[in-house]
Every structure is written in structure tokens, then in C-alpha cells.
**Student:** 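Dropping a structure here in C-alpha cells format, bear with me for questions.
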Amino acid sequence: MPTEAGLKTGLHNTSEIGRLRKVMLHRPGRELENLMPEYLERLLFDDIPYLKVAQAEHDAFAQCLRDNGAEVVYLRDLVEETIAPLELRQELTEQFLDEAGLENHRIREILRDYFASMERGELVDAMMAGVRKSDVRGFETGKLADYLSFRSDDYPFLIDPMPNLYFTRDPFATIGSGVSLHRMHTVTRNRETLFGKFIFQYHPVYKDAPKWYDRGETSSLEGGDILILSPEVIAVGISQRTEEDSIDKFAHTVLSISRTFQKILAFNIPKTRSFMHLDTVFTMVDRNKFTVHPNILSEITVYVMELEEGRVHIREEQGRLEDILKEHLGLDQVTLIKCGSDSPIDAAREQWSDGSNTLAIAPGEVIVYERNYVTNRILEDHGITVHAIPCSELSRGRGGPRCMSMPFVREDL
């Protein structure tokens, strides 16, 4: 069960597979309806999910979690609770407008009034959804400069939507009784971490959580690259979206301050969109079982980072991934379960829809997308209990059940 420190901070997460007791999600909202074909690449999407079905699928995901003993909390509700004081609503609004890149003072003034007219929940929804030019009135000042500034291009938004919010894994990560608040790799996603900043600075339950990393750092770190393999060992992906400098900073902070974590395993993976995070190619499903994308096995390199006399020392590990995991996790045997089995066609297809991106809710028990039936069958053949959820629309966002969840409380193993 959670330690006293974890209870004080509202967070306790010391493994990937401990029984999940509390988890944060974001139910997709109007931000998905602000996706347009012309701007998909800008917003990191490959397709446009149908919101009504995506919400129904997400509700099924949440219910599956509840049915298996997890309390579900929502990002939107936590932000709404956090900004109950008027001064925090105003502070969030000002920082949000700063990070939206608004240079025209008149537009900023009108948007400030636009947000001020809303109730708390409505305000959070509007920030997440983005602001269409057609949503806002008040530009009819009679001044040509203001009119031309507002109509200067055909881009339909004053503030971009945040369609990636339903992937709550990335903006921050709960580790032990603390939190790593991230600087995201892209401008599109970096505004998402503002909500986490306010939750972990002001929310009465979570404001005392120690910080392992901060969004004000200069290099990117994302939650999909952080896996807590045990109370002593954390894996971090050197990926398309997590940089070496950020891992250095993260490792030094965690290893210097934490009472339990003793080493970081840095996994160097290909820097491509299909392998954007470590958890798209590698997840833990049981005490000694892991999913893996087969193509990664010949390309992955693991570095061990440990603290010695106040400095982080690094060494490259040699040998098979199974042997490296056995050594550092103190296991007699490790099984790597290949996404798509031994078929390169099935592996590529199911990797595209996050066949390796499982969410463990207990040792040997996972939530997966139902469409990845080849991988799901193989998991079952290895003794894993599989809860398959509908995903025809959710999967269009290129993230699986682990991507869509941020554990707050897990039982200790």
C-alpha cells in the first residue's frame, strides 16, 4: 500500500505493474473537433477522430479501469478544482495567453475578457479546445490596423486546440511520491504542461509533491519515455521527443534526492514517429514479462546511469535485452513478448496502432486495444489477462492505453 510520504502528496507510483488504484485521464473534448486536414501535421495528428465515438470508447476505457478497482480522476476536473480562487483563474489566463504567442495587445485584451466571462469548467474547456476566430466578438473597433491584424491570414484560430490532451502520459509523470513536470518536444504540446504546473503548485491534494523535473528546463522530456521498472530502477527512452540533456538533469535529481531509486536505464531507440516514445516499443506486463516491438531488438542500446560520489556515472551495457533486464531487476528469467509475433507484416500493422502500448493494472493483467488481436492472443498465450477495449477512433491519435493514462496511486509489489 502507499507509503506515508505518498499519502501526503496524493501520489504513490513505484512500479509499472502494481495494482492500479488511482489514475488520471482526459476525456476527449471539443479540441478534436478543431482538427482540420490542412493542419494535422502542425498538431501532431495523422487523422481526425470522430468525437462522439471517441468519447464512447474513452468512457469504456474508464469503466474498465473502475471495474478493476481503480478510481478515475479527470484532468479537466483537477484544473477546475485548482483554480477555484479568482486570483488563480486570472493567473492561469495570463500565463495561457503568454504561451499562446499572442503579440497583438488588442487581441489579447479581448481574449482576456472572453475567458473572464466564463465559469471555471467552461474556462478550462475553452482553453483545451482552442479559440476559433468565429468564437470571439469585439474586434469591430473602427480601426483599420486592428481589423487587418485580425484578418491578416486565413488561419481560423486565434489559439490552437490541444488535441493531444487525451494522452495524459506525456506532460508529466508521477514517480514515487513526486512528479516530473515536462518540457515537451514541440510547441504544439508544451502548453499542455501548464495545467500540470497549476495542479502540482496549487491543488490542495497534490501541491506538496516533490518535483523531479520542471517545465522551465531547456531540453525536452516526455512521460511516454519514462517507465518505472521497480522501486529501484527507472527506464528512460532517448527518443524522438526526449533528449540526452534532459535525461542527465532528471537522472541527477532523482538519484540524488530519492530514497529508493538507485539507477536509470537509458534506452537509445530510433528517432522516428512510429517509435516516438519508449512505451510505443516496450512495456512491462508482469514481474518478468515485457512487450517489445521485434524490430527494436537489433537497434536498441542501453546505458546504465548511477550516482557515485555526487556525480552520475554512465556505462554502456552489452548483450541481449533479456539479460540486461535480468541483471538490473534481479530476475531469474525474462520473457520478451513480440508485438505481432514473428510476422513482420503483423508487427508493423499492430505497432502502428500501439500493439506494444499496454497498460498494466496489476501484475500479469493489462488493458489493450482490441484491434491488435495478434499481439493480444500472444499475451494471453503467455498467461497475461487481457482486457481489450474498443478503439476505432481513439487509435487514430497514435497512442494506446498506456499513453491515455497517468497513474497516481499503485500498490507496492
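Keep in mind that the numbers below use all heavy atoms, side chains included, and drop hydrogens, waters and symmetry copies.
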**Student:** Using a distance-only test with no angle check, is there a side-chain donor-acceptor pair under 3.5 angstrom linking His277 and Glu222?
**Tutor:** yes
**Student:** If only atom types and distance count, is the side chain of Asn13 paired as donor or acceptor with the main-chain N or O of Ile175 below 3.5 Å?
**Tutor:** no
**Student:** Sub-3.5 Å donor-acceptor pair from the side chain of Ser405 to the main-chain atoms of Arg402, do we have one?
**Tutor:** yes
**Student:** Do Asp323 side-chain atoms and Gly319 backbone N/O form a donor-acceptor pair below 3.5 Å?
**Tutor:** no
**Student:** Starting at CD1 of Ile384, measure out to CD1 of Ile337 and round the result to the nearest 0.5 Å.
**Tutor:** 5.0 Å
**Student:** If only side-chain N and O atoms count, and only distance matters, is there a donor-acceptor pair under 3.5 Å linking Glu317 with His328?
**Tutor:** yes
**Student:** Would you verify whether the NZ or CZ of Arg42 falls within 45 degrees of the ring axis of Tyr155 while also being under 6.0 Å from that six-membered ring's centre?
**Tutor:** yes
**Student:** Check ring-ring contact (aromatic ring centres under 6.0 Å, His included) between Tyr74 and all other residues, then give those that pass, not counting sequence neighbours.
**Tutor:** none
**Student:** Checking salt bridge (Lys or Arg N to Asp or Glu O under 4.0 Å) for the pair Asp125/Arg30: CA distance, chi angles, key distance, verdict?
**Tutor:** CA-CA 8 Å; Asp125 289 339; Arg30 288 187 294 118; 5.9 Å; no
**Student:** Is the shortest side-chain heavy-atom distance between Asn68 and Cys64 below 4.5 Å?
**Tutor:** yes
**Student:** Donor-acceptor check, side chain of Ser246 to backbone of Ser219, threshold 3.5 angstrom: yes or no?
**Tutor:** no
**Student:** Among side-chain atoms of Thr385 and His387, is any donor-acceptor pair under 3.5 angstrom?
**Tutor:** no
**Student:** Does the pair Glu71 and Val23 meet the rule for a side chain to side chain contact (heavy atoms under 4.5 Å, CB included), with working shown?
**Tutor:** CA-CA 6 Å; Glu71 177 188 356; Val23 61; over 6 Å; no
**Student:** Report yes if the side chains of Leu158 and Ile110 come closer than 4.5 Å at any heavy-atom pair, otherwise no.
**Tutor:** no
**Student:** Has Glu316 got more than 12 heavy atoms of other residues, nucleotides or ligands less than 6.0 Å from its CD?
**Tutor:** yes
**Student:** Is the number of heavy atoms from other residues, nucleotides or ligands within 6.0 Å of NE2 (His105) greater than 12?
**Tutor:** no
**Student:** Using ring centroids (six-membered ring only for Trp), state whether Tyr206 and Phe408 fall under 6.0 Å.
**Tutor:** yes
**Student:** Mind jotting down which residue pairs meet the salt bridge (charged side-chain N to carboxylate O under 4.0 Å, His left out) criterion with at least one end in residues 205-218? Sequence neighbours excluded, please.
**Tutor:** Glu99-Arg215, Glu217-Lys249
**Student:** Between atom CZ of Phe198 and atom CG of Leu92, what is the distance when rounded to the nearest 0.5 Å?
**Tutor:** 4.5 Å
**Student:** With a sphere of 6.0 Å drawn around CD of Glu119, does it hold more than 12 non-hydrogen atoms of other residues, nucleotides or ligands?
**Tutor:** no
**Student:** Is the CD1 atom of Ile345 crowded by more than 12 outside heavy atoms at less than 6.0 Å?
**Tutor:** no
**Student:** Is it the case that the ring center of Tyr303 lies less than 6.0 angstrom away from the ring center of Phe267?
**Tutor:** no
**Student:** Distance alone, cut at 3.5 Å: any donor-acceptor contact between the side chains of His26 and Glu31?
**Tutor:** yes
**Student:** Would you say Arg410's side chain and Glu16's backbone share a donor-acceptor pair under 3.5 angstrom?
**Tutor:** yes
**Student:** Can a salt bridge be assigned to the pair Arg27 and Asp59 using a cut-off of 4.0 Å between side-chain N and carboxylate O?
**Tutor:** yes
**Student:** Rounded to the nearest 0.5 Å, what separation is found between the CE atom of Met404 and the CG atom of Asn357?
**Tutor:** 8.5 Å
**Student:** Quick one, Glu306 and Arg315 - any side-chain contact, counting heavy atoms below 4.5 Å?
**Tutor:** yes
**Student:** Could you walk me through whether Leu227 and Asp279 pass the side chain to side chain contact (heavy atoms under 4.5 Å, CB included) check?
**Tutor:** CA-CA 8 Å; Leu227 282 73; Asp279 71 1; 4.2 Å; yes
**Student:** Going by atom types alone, do Ser239 and Asp225 pair a side-chain donor with an acceptor below 3.5 Å?
**Tutor:** yes
**Student:** Can a side-chain donor-acceptor contact be found between Thr14 and Asp412 if the only test is distance below 3.5 angstrom?
**Tutor:** yes
**Student:** Atom CG of Leu359 and atom CE of Met406: how far apart are they, to the nearest 0.5 Å?
**Tutor:** 10.5 Å
**Student:** Indicate whether any N or O donor in one side chain lies under 3.5 Å from an N or O acceptor in the other, for Arg183 and Asn190.
**Tutor:** no
**Student:** Measuring centre to centre across the rings, with the benzene-like ring taken for any Trp, is Tyr39 within less than 6.0 Å of Phe157?
**Tutor:** no
**Student:** Output yes when Glu81 and Arg120 qualify as a salt bridge under the 4.0 Å nitrogen-oxygen rule, no when they do not.
**Tutor:** no
**Student:** Okay, side chain of Thr283, backbone of Ser356: is any donor-acceptor separation there less than 3.5 Å?
**Tutor:** yes
**Student:** If you measure from CD1 on Ile226 to CD1 on Ile247, what distance do you get to the nearest 0.5 Å?
**Tutor:** 8.5 Å
